[in-house]
Amino acid sequence: MTLTTIERHIIQEERKLGPTTGTFTNLLYDIAVAAKVISREVRRAGLNDIIGGTGDVNVQGESVQKLDVYSNELLIGMLSRSGRVCAVGSEELPRPVIVPEKWAGKYVVNIDPLDGSSNIGVNASIGSIFSILPKKSDGKIAQDTDCLQAGSQQLGAGYVMYGSSTVLVYSTGHGVYGFTLDPTVGEFVLSHNQIRFPDRCKYYSINEGYSAYWDAPTRDFIAWAKSVDKQGRRPLSHRYIGALVADFHRNLIDGGVFLYPRDSREPQHTNGKLRLLVEANPIAFLAEQAGGTATTGTERILDVVPSDLHQRVPLVVGNRAEVATYQEFARKAAA
Ligand code: FDP
């Protein structure tokens with residue numbers, strides 16, 4: 001019996017690229033270790049004093065949860081002292097953490113340390129998201145702008161979902177792989193080899209509560225998703241957990257489209273809600289690697305050129321054919 005642990009898998013994948021220094025392998029492994037620690041805290045939530053808010057508000061104007069702070073500090077601590085990373089952009093911090101010269105490595109990592117924080121207090125699924133980029137600026141010390149790269153520049157991306165089990169899904173541009181944490185041995189073990197969106201799209205995921213604020217392409221798409229077709233492909237079923245990682249993961253495994261479109265709520269949501277660098281880009285990278293698509297409606301997510309660490313972007317991601325239908329509605333609305 002062969003057990004493929006995440007460490008072994010990452011090394012095997014890196015070997016396919018020829019001789020390497022192993023730095024990238026170790027970086028992914030650092031993230032996996034941090035994920036195990038966060039998973040432990042999540043599993044003990046309720047027993048330890050980690051549920052609830054800190055009383056602070058983050059740069060997004062959202063109330064900061066204790067688990068957000070814990071995950072953010074843990075990931076930043078692990079990445080910035082590894083010698084492999086020169087800058088870390090985090091959803092929780094106004095500016096990137098620039099690693100001092102003696103620790104500075106060649107990779108940049110953007111993170112959403114704890115996604116779906118509104119689910120923490122009710123024991124529903126939450127996640128961590130990461131995006132790995134090359135250092136772009138000259139010199140040993142990174143610049144803030146190193147974090148501001150288009151998603152097409154990503155060398156790897158992934159997420160950890162703390163759900164009924166803890167699952168780590170990642171891609172380095174050669175397919176998507178999923179690992180389940182075996183709590184009895186403390187290892188992430190390969191459980192989902194070469195993940196692809198199934199041909200059949202079963203679900204659509206959107207916060208229907210905001211339908212009064214939707215624009216025409218979203219209204220048209222959701223009406224289409226609910227309509228009956230003769231081949232029996234529609235209506236799609238509706239599922240929405242309210243944590244991007246969990247909603248995306250379900251759609252990736254079972255087939256589906258996730259939407260957080262722009263809407264008319266001023267001022268935050270006129271460009272959607274989700275963050276380009278720490279949410280949309282890594283999720284779009286995984287979606288494309290799994291045979292799906294991710295768009296703003298009019299532009300490929302991975303081509304959006306960022307201008308701000310906390311830039312928001314409309315996101316429609318999932319099965320290729322159904323996302324194309326959304327794009328068609330967007331084209332019609334613009335004509
Ligand atoms: P949360 O605010 O709970 O952290 O980006 C954050 C996010 O969750 C996503 O994970 C989720 O998909 C979305 O926001 C949910 O937003 P709504 O509550 O507006 O539907």
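Computed from a predicted structure; not experimentally measured. Indexing begins at 1, ligand by ligand and atom by atom, following the structure's order.
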Proximity winner for atom 17 (P) of ligand 1, if only heavy atoms of N207, D112, I241, I120 are counted: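 That would be N207.
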
Is R265 close enough and on-axis enough to Y210, meaning under 6.0 Å and within 45°, for cation-pi?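 Output yes; distance and angle both within limits.
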
With a distance cut-off below 6.0 Å to the six-membered ring centre and an angular limit of 45° from the axis, does R239 pair with Y204 as a cation-pi contact?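 Relative to the ring axis of Y204, which defines the angle, R239 lies outside at least one limit.
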
Say whether [X] and [Y], considering side chains only, have a donor N or O and an acceptor N or O under 3.5 Å apart.
| X | Y | value |
| --- | --- | --- |
| Q194 | Y177 | yes |
| R300 | T295 | no |
| S90 | N72 | yes |

Do I253 and F285 sit in the same hydrophobic cluster, where Ile, Leu, Val, Met, Phe, Trp and Tyr count as joined when their side-chain heavy atoms come under 4.5 Å apart?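 No; tracing contacts between hydrophobic side chains, which count when under 4.5 Å, never links both residues.
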
Between D247 and ligand 1, find which residue part has any heavy-atom pair under 4.0 Å and reply side chain, backbone, both or neither.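 The answer is neither.
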
Element-labelled atoms of ligand 1 that are located less than 4.0 Å from some non-hydrogen atom of [X]:
| X | answer |
| --- | --- |
| D115 | 5 (O), 6 (C), 9 (C), 10 (O) |
| Y210 | 19 (O) |
| F258 | 12 (O) |
| R275 | 5 (O), 6 (C) |
| Y240 | 15 (C), 16 (O), 17 (P), 20 (O) |
| S118 | 3 (O) |
| E279 | 5 (O), 6 (C) |
| S117 | 1 (P), 3 (O), 4 (O) |

For [atom], closest protein heavy-atom neighbour:
| atom | result |
| --- | --- |
| atom 11 (C) of ligand 1 | G242 O, 3.3 Å |
| atom 19 (O) of ligand 1 | Y260 OH, 2.6 Å |
| atom 14 (O) of ligand 1 | K273 NZ, 2.9 Å |
| atom 12 (O) of ligand 1 | L244 N, 3.2 Å |

In plain terms, say whether E288 and R320 are close enough for a salt bridge, that is, a side-chain N and a carboxylate O under 4.0 Å apart.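 No, E288 and R320 are not salt-bridged.
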
R275 and E91 ion-paired at < 4.0 Å: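 Salt bridge present between R275 and E91.
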
Measure centre to centre between the rings of F130 and Y159, then say whether the value is under 6.0 Å.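 Ring centroids of F130 and Y159 are no less than 6.0 Å from each other.
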
